[in-house]
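Below is one structure, written out as structure tokens; comments come after it.
Residue numbers run from 1 in the order of the sequence given. Side-chain atoms are counted along with the backbone in the values below, which use heavy atoms only and exclude waters and symmetry mates. This one's a predicted model, so the numbers in the text were calculated from it and none came from an experiment.
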Amino acid sequence: MKLFRPAFKISGFVMLFWGSIMLVPILVSLDSWSESQDHLWSALTCYVVSALMFRLGAGPIHHMQPRALFMITAFNWLLVCLTGTLPFLYSDLQIGFTNALFETVSGVTTTGSSIFSDYSHIPRGILLWRSLTQFVGGIGIIIVAVAILPSLKVGGMRLFRSESSEWSQLESGRIGKIALNIMYVYVLVNIACTLAYHWFGMNWFDAINHALTTVSTGGLSTYPDSFAHFNDSHLQTVASVFMIIGALPFLLIVLSLLNRSALPLYRDSQVRLLLAILALNITLVTLWRIANDPGADVVATLESTAFNIISVMTTTGFASEDYTLWGSFPLVVFFYLMFAGGCSGSTTGGVKLFRFQLLGIFMREHIHNALHPGLAWSRRYNDRPIEEDVLVSALAYFFFVVVSWSIVASLLAASGLDFITSTTGAVTALMNVGPGFGEVIGPVGHFGSLPDTAKYVLSAAMVLGRLEFLALVIIFTPEFWKW
């Protein structure tokens, strides 16, 4: 019980917050009392769960060990995913628990995959709820990455907590103050995105929903054809800018605002690599498309290429057209970009760029030691020394990615899915991207036709990838339960 008590107590607060968020869609359902009741009953259910969690977590909690932090992380994310199904289940959509769970997990993990193919029958309150799950999931994973994962020796924010003067600028490393500053910035960026969308033509409802899913790099839309519905290059440009902002380390955004200088962002090698990769791939794919279609409009081609590449690399999942029809080379580029993700401490999924950089440092060290075995090699990242366990953690992460991809793809194939759907479905779930490849789950497809078994596998994969594998896998090991 000592192991579960901290998780129960914190879950009480989480459920209070989660239930309160469920009341927000009532604002767009005031013209229908039955729809408002759905969200009201959902919130009340969460409040009951909250009271139960407080009761189970009663008692003093002293200094929490990593074992308790692992339990808190896994338990709360799983509880949020389960209770997030309530608005769907109370509604008249009648989609069943499996589809409700898939849609909720996709939202909370900011993956953006959806079981819906026709949005005309979905109440506005449910559409807003889907967007809110991504908004909460986006800020949730940032706080987890900043406040919890470093203590569990997981994630790239540990690099900031080692000999980092910037970290001490925020109240000498006080996590609460850091988290509060990040939340302020996150909300302000969402407001700015909403205003920009509305300025360039979206109505307020669409602007709010798309802002909530853009900054969180989630990708759910109020229309089944995503940004193709608007067919507006200005809106795509706005989305591209805010998707990139969502892919930046929010801690460094806070530091830049406090210092009134962009230097903290500019100095970070992740940010420079992110912009370099985007620029390179946008250029190459644009040139490929122009070369294979000489009559194409150059500006329009560049705009659509930039939007879709940014969307995939930031694991947002918006689409302005079916980019799988562009040819084999762009398809390969999109496939590899699905693994990349953005920076550590951002809302993006994926491997995160710092891990590729650490892998490059490890490879250079290996080559150096092979050529000069007697000379010492200094590991440094962003002009800071790299601890041994940070490098080991990154290598372990790559191992989990390969093994998990193999297992998930095999399970999807065993459920009856074809090769393309199985392999890309596994990637898009584990990396929290959204659309996969092929006619079924591609940019113009949906996940509603998949068998229930596949939806459960993909739901588990989305949570596994969002919590960066170790934070969830470790609670299933025998060593975790040994006292």
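Listed by first and then second residue, the ring-ring contact (aromatic ring centres under 6.0 Å, His included) pairs that reach into residues 107-127 come to none, sequence neighbours excluded.
To the nearest 0.5 angstrom, Gln270 atom CD is 6.0 Å from Gln357 atom CD. To the nearest 0.5 Å, the span separating NZ on Lys455 from CG on Leu412 amounts to 12.5 Å. Within the model, atoms CG of Leu464 and CG of Leu467 stand 8.0 Å from one another, a figure rounded to the nearest 0.5 Å. Ile309 CD1 to Met243 CE: the interatomic distance, rounded to the nearest 0.5 Å, is 11.5 Å. Taking CD1 of Ile139 as the start and CZ of Phe135 as the end, the distance is 7.0 Å to the nearest 0.5 Å. With values rounded to the nearest 0.5 angstrom, Leu128 atom CG is found 4.5 Å from Leu132 atom CG.
In terms of modelled atom types and a separation under 3.5 Å, the side chain of Thr348 and the main chain of Ala247 share no donor-acceptor contact. Proximity of a side-chain donor or acceptor of Ser404 to a complementary backbone N or O of Val401 within less than 3.5 Å is not detected. Using modelled atom types, no side-chain atom of Thr316 and backbone atom of Gly219 make a donor-acceptor pair closer than 3.5 Å. One N or O on the side chain of Arg466 and one on the backbone of Thr109 form a donor-acceptor pair closer than 3.5 Å. The backbone N or O of Leu248 sits nowhere less than 3.5 Å from a side-chain atom of Ser346 that would complete a donor-acceptor pair. Here the side chain of Asn432 pairs a donor or acceptor atom with the backbone of Met462 at under 3.5 angstrom. In this structure, the side chain of Thr315 engages the main chain of Gly349 through a donor-acceptor pair within 3.5 Å. Side-chain N or O atoms of Ser106 include one that pairs as donor or acceptor with a backbone N or O of Ser113 at under 3.5 Å. The backbone N or O of Thr283 lies less than 3.5 Å from no partner atom in the side chain of Trp288, so there is not a single donor-acceptor pair. Between the side chain of Ser226 and the backbone N or O of Ala319 there is at least one donor-acceptor pair closer than 3.5 Å.
Side-chain atoms of Asp418 and Thr421 include a donor-acceptor pair closer than 3.5 Å. Judged by distance alone, the side chains of Thr347 and Tyr186 never bring a donor and an acceptor atom under 3.5 Å apart. Looking at Thr104 and Thr85, their side chains never bring a donor and an acceptor atom within 3.5 Å of each other. Using modelled atom types and a 3.5 Å distance limit, the side chains of His210 and Ser221 yield a donor-acceptor pair. No side-chain donor-acceptor contact under 3.5 Å links Trp129 and His39. Side-chain contact, Ser114 with Glu103: a donor N or O sits under 3.5 Å from an acceptor N or O. Counted by atom type alone, Asn76 and Ser11 present one or more donor-acceptor pairs between their side chains at under 3.5 Å.
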N/O donor-acceptor pairs under 3.5 Å from side chains in residues 323-343, not counting sequence neighbours:
| unit_1 | atom_1 | unit_2 | atom_2 | d |
| --- | --- | --- | --- | --- |
| Thr324 | OG1 | Asp322 | OD1 | 2.4 |
| Thr324 | OG1 | Asp322 | OD2 | 3.4 |
| Trp326 | NE1 | Glu321 | OE1 | 3.1 |

TODO: Show your reasoning for whether side chain to side chain contact (heavy atoms under 4.5 Å, CB included) applies to Tyr90 and Thr45.
DONE: CA-CA 11 Å; Tyr90 280 121; Thr45 304; 3.0 Å; yes

Open item on the list: Apply side chain to side chain contact (heavy atoms under 4.5 Å, CB included) to residues Arg130 and Asn209 and explain how you reach the verdict.
Closed with: CA-CA 9 Å; Arg130 293 165 75 240; Asn209 278 274; over 6 Å; no

Open item on the list: Working note: Val28 + Leu127, criterion side chain to side chain contact (heavy atoms under 4.5 Å, CB included); need CA distance, chi angles, decisive distance, verdict.
Closed with: CA-CA 10 Å; Val28 297; Leu127 288 174; over 6 Å; no

Open item on the list: Before you tell me yes or no, could you show the steps for Phe469 and Phe398 under ring-ring contact (aromatic ring centres under 6.0 Å, His included), namely the whole-Å CA-CA distance, both residues' side-chain angles and the distance that decides it to 0.1 Å?
Closed with: CA-CA 10 Å; Phe469 298 91; Phe398 280 107; over 10 Å; no

Open item on the list: Run Thr213 and Thr110 through side chain to side chain contact (heavy atoms under 4.5 Å, CB included) and show every step you take.
Closed with: CA-CA 8 Å; Thr213 61; Thr110 70; over 6 Å; no

Task: Phe242 and Tyr197: CA distance, side-chain angles, deciding distance, ring-ring contact (aromatic ring centres under 6.0 Å, His included) verdict - done: CA-CA 11 Å; Phe242 283 95; Tyr197 276 143; 7.2 Å; no

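Listed here is the closest heavy atom pair of Val271 and Pro249: CG2-CD, 3.8 Å. Val49 and Met15 make their closest contact through CG1-CG, 3.8 Å (heavy atoms, listed as atom of the first residue, atom of the second, distance). Across Trp77 and Gly140, no two heavy atoms sit closer than the pair CZ2-C, 4.0 Å. Contact record, Gly12 with Ser50: O-OG, 2.7 Å, taken as the closest heavy-atom pair. Here the closest non-hydrogen pair linking Ala429 and Leu458 is CB-CD2, 3.7 Å. What you find for Met22 and Pro87 is that their closest heavy atoms are CE-CD, 4.2 Å.
In this structure, Glu439 has no side-chain contact (heavy atoms from CB on, under 4.5 Å) partners at least two apart in sequence or on a different chain.
Using a 4.0 Å cut-off between a side-chain N of Lys or Arg and a carboxylate O of Asp or Glu, Glu35 and Arg124 do not qualify as a salt bridge.
Counting non-hydrogen atoms of other residues, nucleotides and ligands closer than 6.0 Å to CZ of Phe419 gives a total of 12 or fewer.
Between Phe8 and Phe54, the ring center distance fails the sub-6.0 Å criterion.
Ring pair Phe227/Phe307 is tilted by interplanar angle, where 30° to 60° counts as tilted.
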